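Residue numbers run from 1 in the order of the sequence given. Source: prediction; values computed, not measured.
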Amino acid sequence: PSALPNGAPRGGFGLRLVREFSDGLVYSREGNCNRITVRIVRPSKRQEPRRQADDNWSEIVSRSSLFRELPQDLATAILSHCELSTCEPDELLLAAGEHHRCVLIPLEGRLEVHLDHPRSEFYIELAEGECVGELSVADSKPISAWVVSATAWRLLVIPEPVFLDTMLTVPRIARNLVILLSERMRRSNMQILARLRAAMELEALRRELDFARQIQASMLPRPPLLPDIAGIEGHAYMQAARQVGGDFYDAFGICEGQVFVAIGDVCSKGAPAALFMVRALTVIRSEAMRLDADPARHLMRVAARCNDLLAENNAARLFVTMFCAMVDLGQEQVHFVNAGHSPPLLRTADNAVEWLAEPRNPLVGFVAGLQFQVSSRRFRSGSLLLLYTDGVIEAENEAGDLLDEDAFHRLFSEQAAAGAAAVVSAVVA
């Protein structure tokens with residue numbers, strides 16, 4: 001080994017080893033400096049053997065717009081310093097932020113140029129014969145996008161020195177490059193305009209939905225509930241899964257000593273559920289105000305009429321679950337009807353806690369002509385009734401755990417003595 005440096009031929013053994021084991025080597029002289037570009041193909045790529053000029057380079061020239069109208073002998077001389085490679089579908093060829101010292105020309109297949117990230121929805125498609133990487137090679141700056149192979153590809157790889165020192169000096173190639181860049185810019189501008197329009201439409205929709213959310217929220221009574229009725233207190237909280245939703249609640253006095261409360265949940269989400277929710281809430285309020293002397297008969301009629309009216313002209317086949325109750329302060333009774341809704345929790349004055357699971361009735365708005373059953377419980381001073389939608393017990397905490405029925409029951413039992421507002425705050429927390 002000590003004799004190798006002295007006996008090494010001009011160029012050294014290092015250069016010979018690089019030439020032997022590299023996939024490409026281009027030498028050029030720049031001023032007083034020697035410049036060697038070495039290329040090693042990634043293992044995932046399969047390099048094809050360099051083809052002979054007399055029978056294969058003409059095919060490559062015919063596939064590439066960059067070599068359009070270029071004399072065959074000149075194209076062959078340039079291509080003799082280039083290589084052919086293949087790539088697999090979804091292979092990342094160029095990555096944003098990295099320096100790449102070559103220009104790629106797809107000969108078969110389809111490439112995608114992604115501006116946001118390698119799997120973004122918006123991308124610029126490169127057809128056969130177009131080039132990519134030329135701007136980074138020209139200004140020596142990092143690649144500004146991700147280039148991904150959408151299909152299996154055959155690629156022509158042009159080393160940086162060949163592209164800069166040989167190809168760009170040919171007027172025909174320079175003109176073809178300008179044409180390619182112009183066409184790509186037009187396509188890029190069209191996509192940018194499309195994204196801008198989509199963004200503006202989305203922003204307008206968000207403003208409309210936010211306005212709709214404010215209108216929807218204004219239809220519900222603000223907590224604390226029933227502030228002007230002596231002997232009873234109420235509290236409420238609602239957070240839609242989206243800007244607008246199908247959950248609703250209501251609470252108001254009907255006559256002296258009687259209070260009507262309701263909660264409901266439309267089967268869908270978003271704008272359709274919000275519209276059906278407005279319809280359901282309007283019908284419930286209208287029917288609840290038509291007072292009957294018998295609270296049980298009153299609630300039966302409210303549920304039946306709501307069901308029939310909501311089932312009319314319901315082409316979307318939406319429905320709503322709801323729980324309606326009448327609190328008689330003078331008689332210390334609560335009468336209720338449950339139309340397919342989650343059973344509320346009742347804490348009596350003697351600290352007993354129970355689910356109001358019976359009687360169960362059909363949901364509202366799907367089939368007309370149904371009858372509903374009503375039940376009642378003692379509701380003396382100190383009693384507490386908790387109404388909720390299934391989104392409460394199905395909500396997940398940061399660990400992904402559900403607030404299931406058991407935890408909900410336990411939480412209610414522990415907090416019920418603190419009053420309505422405290423129970424709501426504890427459940428939300």
Side-chain angles (χ1 to χ4, degrees), residues 22-24 26 37-51 59-68 79 82-164 167 173 176-199 202:
S22 66
D23 296 293
V26 177
T37 300
V38 179
R39 181 174 178 272
I40 299 177
V41 178
R42 279 183 267 176
S44 59
K45 294 184 179 180
R46 302 184 303 276
Q47 184 178 353
E48 297 181 3
R50 185 166 294 174
R51 302 183 176 188
E59 175 193 352
I60 299 175
V61 171
S62 65
R63 290 179 178 271
S64 175
S65 301
L66 198 60
F67 295 95
R68 185 184 298 122
L79 293 173
C82 304
E83 297 171 358
L84 288 175
S85 291
T86 60
C87 61
E88 300 297 330
D90 296 325
E91 183 175 343
L92 181 63
L93 302 178
L94 302 178
E98 297 182 2
H99 290 270
H100 295 272
R101 304 299 183 184
C102 60
V103 176
L104 305 180
I105 297 180
L107 303 178
E108 297 173 355
R110 183 167 57 87
L111 291 185
E112 295 173 352
V113 180
H114 296 255
L115 302 179
D116 299 330
H117 55 82
R119 294 295 180 264
S120 62
E121 180 181 356
F122 298 97
Y123 56 84
I124 301 172
E125 185 174 305
L126 292 185
E128 296 179 0
E130 297 189 67
C131 59
V132 64
E134 72 287 342
L135 297 181
S136 179
V137 167
D139 60 13
S140 299
K141 293 182 179 180
I143 292 288
S144 59
W146 288 266
V147 179
V148 180
S149 58
T151 61
W153 270 102
R154 289 176 64 232
L155 296 170
L156 176 65
V157 182
I158 305 175
E160 179 184 46
V162 176
F163 184 78
L164 293 178
M167 295 181 63
I173 293 181
N176 290 339
L177 179 62
V178 172
I179 294 174
L180 287 174
L181 293 177
S182 300
E183 293 175 350
R184 187 188 308 170
M185 184 175 297
R186 291 190 184 96
R187 294 202 308 271
S188 177
N189 289 341
M190 292 176 62
Q191 287 206 349
I192 291 174
L193 288 175
R195 294 182 65 177
L196 181 60
R197 292 191 192 98
L202 179 60

For residues 136-148, please give each side-chain donor-acceptor pair under 3.5 Å, one per line with the distance, not counting sequence neighbours.
| residue | atom | partner | partner atom | Å |
| --- | --- | --- | --- | --- |
| Ser136 | OG | Lys141 | O | 2.5 |
| Asp139 | OD1 | Lys141 | N | 2.9 |

**OP:** Taking the side chain as every heavy atom from C-beta outward, state whether Val132 and Val103 have any atom pair closer than 4.5 Å.
**Re:** no
Subject >> Nearest-0.5 Å distance that lies between atom CE in Met185 and atom CG in Leu180 >> reply: 12.0 Å
**OP:** To the nearest 0.5 angstrom, please state how far the CD1 atom of Ile105 sits from the SG atom of Cys82.
**Re:** 7.5 Å
Original post:
Nearest heavy-atom pair of Arg154 and Leu84: which atoms, and what distance?
Top reply: NH2-CD1, 3.9 Å
**OP:** Mind listing the closest non-hydrogen atom pair of Met167 and Leu66 along with its distance?
**Re:** CE-CD2, 3.4 Å
**OP:** Starting at SG of Cys102, measure out to CD of Glu160 and round the result to the nearest 0.5 Å.
**Re:** 9.0 Å
Subject >> Spacing of Arg101 atom CZ and Leu164 atom CG [to the nearest 0.5 Å] >> reply: 9.5 Å
Original post:
Would you say the side-chain atoms of Ser149 pair up with the backbone N or O of Cys87, donor to acceptor, closer than 3.5 Å?
Top reply: no
Subject >> side-chain hydrogen bond (donor to acceptor under 3.5 Å, both in side chains) partners of Glu134, counting only residues at least two apart >> reply: Arg184
Original post:
Who are the side chain to side chain contact (heavy atoms under 4.5 Å, CB included) partners of Arg186, not counting sequence neighbours?
Top reply: Ser182, Glu183
Original post:
Who are the side-chain hydrogen bond (donor to acceptor under 3.5 Å, both in side chains) partners of Arg119, not counting sequence neighbours?
Top reply: none
Subject >> Residue pair Ala150 / Pro89: nearest heavy atoms and the distance that separates them >> reply: O-CB, 4.2 Å
**OP:** List in chain and number order the residues that pass side-chain hydrogen bond (donor to acceptor under 3.5 Å, both in side chains) with Thr151, two or more places apart in sequence or in another chain; answer none if no residue qualifies.
**Re:** none
**OP:** Kindly compute the distance separating CG (Leu111) from CG (Leu94), expressed to the nearest 0.5 Å.
**Re:** 8.5 Å
Original post:
CG of Leu104 to CD1 of Ile158: how many Å apart, nearest 0.5 Å?
Top reply: 8.5 Å
Subject >> Heavy-atom pair of closest approach, residues Phe67 and Leu79 >> reply: CZ-CD2, 3.7 Å
